[in-house]
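Presented below is the structure to which this report refers.
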Amino acid sequence: MQLIISKFKEIIKQTNDMIEAEKEIKRYTEALITDCLGAVFEEIDGVIEEEKILEGWKRVRQDNRTIHFSFGAVPFSRTLMQAPNQDTSHYPLDQFLHLRPYQRYSSLVEVKTAELASEADYRTTARTLQEWTNVTMSHSSVGKIVRLVGEAQSKEDAAMIQELEEADGLPAAEKIDHLFAEADGVYVRSTKKKKSIEVKHGITYEGWARNGRRVSLEGVHVYMTTKDVDSFWNHVQAGSAHLYDLRQTQVVSNSDGGLGYTAERFKSAFSQSEKPVINQLDAYHIQQGLNRAFGVKH
């Protein structure tokens, strides 16, 4: 810790420009994190290798891999091993870290990329990531990640929906007094010319907290898919049912009331609540409706 503090002091003393000092501190800390994390991965790999050898696995070779995290690229080596009585080989560390073959970006980067892409086009998303993180990717890579995250979310939600349909009752879950829900559809540009993809985007949260003037949401869960709107609401309903026991929960929803995001959609998705769902239109669309009806005075 003292070494890090000394380095920070050295960086600040070397420049009177705090913008450049902050940039340099960011570069230093990110390099420190990536080096440490790479070393941790290799240490874990060594432990796993020893355990596998005791189980009869054979060591094939050592291979390198790099995963791009929000704080930078982490290079590391891991062991390719062959299981007993099997012809195929595996990387036990990759399986331990839940890394897919050919995966370049961390799961957090993939999710945040998909969330950004739901509010901006792919080029803007790629530029925002590059400016605020150590992640560099093309707009076509953004599109690919959006599809991957959407497919993964769809598979997980489909499994939850099936489990909910086959269950004798609702699963045991946390009881909460209030749940707030918002949903809307956002069109993002496709990598194909003159084509767009609608990303159905929903969020639920348990409340909010204030820290001075800052307000942060608590108990946030996000639902995103590029599938049809019926599938989206099925995902919201199944996901909420697995997270909460909503029977005595007051659900409050907020939307623009557009096609696919009406009050009836929210009532159906949170029908497990015995209390009536309170629906409200957001202030922007109320003002927009009034302006259309009565005109705007300048």
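Computed from a predicted structure; not experimentally measured.
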Residue pair Arg78 / Arg65, side-chain heavy-atom distance below 4.5 Å: yes
Side chain to side chain, Gln248 and Lys275, heavy atoms closer than 4.5 Å: yes
Any Met224 side-chain heavy atom under 4.5 Å of Val222 side chain: yes
Contact summary for Ala126 and Met137, nearest pair of heavy atoms: CB-O, 3.4 Å
Shortest non-hydrogen contact between His90 and Thr88, atoms and distance: NE2-OG1, 3.6 Å
Minimum side-chain heavy-atom gap Phe76-Ile67 below 4.5 Å: yes
Separation between NZ of Lys112 and CD of Glu115, rounded to the nearest 0.5 Å: 4.5 Å
Test item: Asp63 side-chain N/O and Arg61 main-chain N/O as donor-acceptor pair under 3.5 Å: no
Sidechain-backbone polar pair: Thr128 side chain, Thr124 backbone, donor-acceptor under 3.5 Å: yes
Return a table of donor-acceptor pairs under 3.5 angstrom between the side chains of residues 208-218 and protein atoms on other chains or two or more places apart.
none

Check: Trp233 side chain, Gly260 main-chain N or O, donor-acceptor pair, under 3.5 Å: yes
Polar side-chain atom of Ser273 near backbone of Phe270 as donor-acceptor pair, under 3.5 Å: no
Common cluster, Ile33/Leu97, ILVMFWY with side-chain heavy-atom separation under 4.5 Å: yes
Ile19, CD1: over 12 other non-hydrogen atoms inside 6.0 angstrom: no
Thr79 side chain to Met81 backbone, donor-acceptor under 3.5 Å: no
Geometric class of the Phe69/Phe41 ring pair [parallel <30°, tilted 30-60°, perpendicular >60°]: tilted
Contact summary for Pro92 and Lys52, nearest pair of heavy atoms: CB-CE, 4.2 Å
Any donor-acceptor pair under 3.5 Å from Glu24 side chain to Tyr28 backbone: no
Donor-acceptor contact below 3.5 Å, side chain Gln250 vs main chain Pro276: yes
Short side-chain to backbone donor-acceptor contact, Lys175 and Tyr244, under 3.5 Å: no
Leu259 atom CG: more than 12 heavy-atom contacts under 6.0 Å: no
Neighbour count >12 (heavy atoms, 6.0 Å) for atom CD, Gln280: yes
Tyr122-Val135 co-clustered via ILVMFWY side chain contacts under 4.5 Å: yes
side-chain contact (heavy atoms from CB on, under 4.5 Å) involving His68 - partner list, sequence neighbours excluded: Thr66, Ala73, Arg104, Tyr105
Neighbour count >12 (heavy atoms, 6.0 Å) for atom CD, Glu22: no
Worked verdict on Glu264 versus Lys267 for salt bridge (Lys or Arg N to Asp or Glu O under 4.0 Å): CA-CA 5 Å; Glu264 291 304 317; Lys267 289 177 182 178; 3.7 Å; yes
Side chain Thr249, main chain Ile176, donor-acceptor under 3.5 Å: yes
Neighbour count >12 (heavy atoms, 6.0 Å) for atom NZ, Lys26: yes
Backbone N/O of Phe232 and side chain of Asp230: donor-acceptor pair under 3.5 Å: no
Listed partners of Arg100 passing side-chain hydrogen bond (donor to acceptor under 3.5 Å, both in side chains), at least two apart: Glu110
ILVMFWY cluster, Ile278 and Tyr205 together (side-chain gap under 4.5 Å): yes
